[in-house]
There are 2 protein chains.
Amino acid sequence: MHPETRFDNYFKSAFTVDSVIFGFDEGALKILLIRRSEAPFDDYWALPGYFVRQDEDLDEAAQRTLRETTGLENVYLEQLQTFGSPGRHDFGRVITVAYYSLVKIADFTPRADGLSRDVRWHDLSALPDLAFDHNEIVGTATEKLKRSIRTRPVGFELLPPEFTLTDLQHLYEAIWETRLEKRNFRKKILSMQLLVDLERMQEGVAHRPARLYRFDEQRYQELTQEGFNFELREGKSR
Amino acid sequence: MHPETRFDNYFKSAFTVDSVIFGFDEGALKILLIRRSEAPFDDYWALPGYFVRQDEDLDEAAQRTLRETTGLENVYLEQLQTFGSPGRHDFGRVITVAYYSLVKIADFTPRADGLSRDVRWHDLSALPDLAFDHNEIVGTATEKLKRSIRTRPVGFELLPPEFTLTDLQHLYEAIWETRLEKRNFRKKILSMQLLVDLERMQEGVAHRPARLYRFDEQRYQELTQEGFNFELREGKSR
DNA sequence: ACAAAAGTGTTCGGCGTACACCCATGG
DNA sequence: CCATGGGTGTACGCCGAACACTTTTGT
């Protein structure tokens, strides 16, 4: 370690990582929360996360703490923002590096762990009071999601492997909290060459069955690189 | 402080803030760097920044350290990303929260201070080896700048109060490292209603003098809120 | 048959694209 | 009078906007 002591005063902080995990189900956006099992905020709902170890990379810590609190593994986590108000933690100076991700709800079975009493998907539109400044973090993440879905093919991670155009439209509508015009949405999304027609149909629905699609992995990578511009004015019909 | 000791191990880290300050001059993008005056990396060029105090907010710390290393005050700093590899600092675990900003070079006169031997604008295209992982941080900031200029009226902060359309075009060309077609650039930028025609002309240039413009503060705020989409294909003529 | 979504055709206007040519000033 | 940028006019094509009507399934 360093030979000098004049920096010692600075080495008294801790940092944590917290993850905002978005999912999509039943036409609504969800967030994965844990119920804390230790002070402070014992028993409160909170974002999955914990302290970062001394020799641990931030990205790794995010993966590990997500696993240890919810059981989720191999989730692609992207750094969101760092929150560090002096008063945000009772035990001392703790700043948190927030991550976020989009996952298919069906792909994972969250389970509580030593660090959490409970894990559950919550409707984004009806969140309880969360521990620390986690409500603020969720707000920031939601803003970012709204913006990034306009420039990147985001639906990919939120929808099941096979989906209908209406599913995809509902996803956009849920994130943007708006209604889109069906015809124009379809024309736009199809013109991007991002979807592959599976040439199969929905089954067991009480109406004309919809065509099933999947994302074209190749094209998805391209568009993620270049970025695109997905904008549609609000529409009445759905 | 907290009554329990089992968290003590975590409270041994330090964190810093570092700022990437972009400027624009002579048709080229610049970055403000300081020369360090203490170990580690004594005498190396580095981003302006320093340790965050125990009871200090991150945003405040960014402002303060920027002032104390370069003399710049009242700069609008936006959080960029946090860098925290375990090995990035010799003295122990130090993570840094990076900020970035765009400023008019003429508005400030950087001066070295106790924490810096020297302060200077460097051409982004010819940076030296910087201290720590600061080259990586600059790279991340540059990527972000390229992307955000496509969705927000960014030139505002980089250009002098009065400028010509060609100045503005050169700015976009410098950031994107491309050439744009003059006619189309002008039509697009004028159609946004973002510029105010000052009805005055350049003076003392050895060619037809260009019309001077300024940004419309009002409209700038609007567009920053909504976001827009500025995209133009590469063009040959300038 | 009827409900409930799925799915399509078309017109209109705006805006990005790609050009070549004229204008004003200093030297 | 010429070099050096500044500053247009415009035809074309594509794509987003705004419509209403037909098709296919389960009940």
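This structure is a prediction, so every number in the text was calculated from the model and none was measured. Labels below follow one simple rule: chain letters A, B, ... track the order of the sequence lines, proteins then strands, and each chain is numbered from 1.
- In terms of position on DNA chain D, the residue among B:Arg186 and B:Ala206 whose nearest nucleotide sits closer to the 5' end is B:Ala206.
- Take A:Glu217 and apply the side-chain contact (heavy atoms from CB on, under 4.5 Å) test, not counting sequence neighbours, and it matches A:Phe156, A:Tyr220, A:Gln221.
- Between A:Arg117 and A:Asp43 there is a salt bridge, since a side-chain N of the basic residue sits under 4.0 Å from a carboxylate O of the acidic one.
- Here the C1' atom of nucleotide C:dA5 and the CZ atom of A:Phe185 are 16 Å apart, to the nearest Å.
- Among residues two or more places apart in sequence or in another chain, the side-chain contact (heavy atoms from CB on, under 4.5 Å) test is passed with A:Thr70 by A:Leu32, A:Ile34, A:Pro48, A:Leu66, A:Leu72, A:Val119.
- For A:Arg211 and C:dA5, the CZ to C1' distance is 15 Å, given to the nearest whole Å.
- Every residue meeting the side-chain contact (heavy atoms from CB on, under 4.5 Å) condition with A:Arg67, not counting sequence neighbours, appears here in chain and number order: A:Arg64, A:Glu73.
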In a table with atom names and distances, give each donor-acceptor pair under 3.5 Å that connects a side chain of residues 187-194 of chain B to protein atoms at least two apart or in another chain.
residue	atom	partner	partner atom	Å
B:Lys188	NZ	B:Asn229	O	3.0
B:Ser191	OG	B:Lys188	O	2.8

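- Residues satisfying the side-chain contact (heavy atoms from CB on, under 4.5 Å) criterion with A:Asp133, sequence neighbours excluded, are A:Phe83, A:Arg88, A:Glu136, A:Ile137.
- In this structure, B:Tyr213 places its OH atom 12 Å from P of D:dG6, rounding to the nearest Å.
- A salt bridge does not link B:Arg233 to B:Glu181: none of the charged nitrogens lies less than 4.0 Å from a carboxylate oxygen.
- Between the C1' atom of C:dA18 and the CG atom of B:Leu180 lies a distance of 14 Å, rounded to the nearest Å.
- A:Phe230 and A:Phe228 have perpendicular rings, their planes meeting at more than 60° on a 0 to 90° scale where under 30° would count as parallel.
- Residue pairs meeting the salt bridge (charged side-chain N to carboxylate O under 4.0 Å, His left out) criterion with at least one partner in residues 190-207 of chain A, sequence neighbours excluded, are A:Glu162-A:Arg200, A:Asp197-A:Arg211.
- Partners of B:Asp107 under the side chain to side chain donor-acceptor pair (under 3.5 Å) rule, at least two apart in sequence or in another chain, do not exist in this structure.
- Atom NZ of A:Lys182 and atom C1' of C:dG9 are 14 Å apart (whole Å).
- Look at CD on B:Glu181: it is 15 Å from P on C:dC21, rounded to the nearest Å.
- Of the residues in residues 195-202 of chain A, not one comes within less than 4.0 Å of DNA chain C through any heavy atom.
- The distance from atom CE of A:Met192 to atom P of D:dC14 is 18 Å, rounded to the nearest whole Å.
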Mind listing the N/O atom pairs, protein and nucleotides 9-11 of chain D, below 3.5 Å?
residue	atom	partner	partner atom	Å
D:dG9	N7	B:Arg183	NE	3.0
D:dG9	N7	B:Arg183	NH2	3.3
D:dG9	O6	B:Arg183	NE	3.0
D:dT10	O4	B:Lys187	NZ	3.0

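- Among residues two or more places apart in sequence or in another chain, the salt bridge (charged side-chain N to carboxylate O under 4.0 Å, His left out) test is passed with B:Lys104 by none.
- At a non-hydrogen distance threshold of 4.0 Å, A:Leu232 from residues 221-232 of chain A come into contact with DNA chain D.
- Nearer the 5' end of DNA chain C, as judged by each residue's closest nucleotide, is the contact made by A:His207, out of A:His207 and B:Gly204.
- For C:dT17, its base never sits under 3.5 Å from the side chain of B:Arg233 at any donor and acceptor pair.
- In the interface, the side chain of A:Arg208 is paired with the base of C:dA6 through a donor and an acceptor atom under 3.5 Å apart.
- Residues passing the salt bridge (charged side-chain N to carboxylate O under 4.0 Å, His left out) test with A:Asp118, sequence neighbours excluded: A:Arg120.
- Rounded to whole Å, the distance from CD on A:Gln169 to P on C:dG7 is 12 Å.
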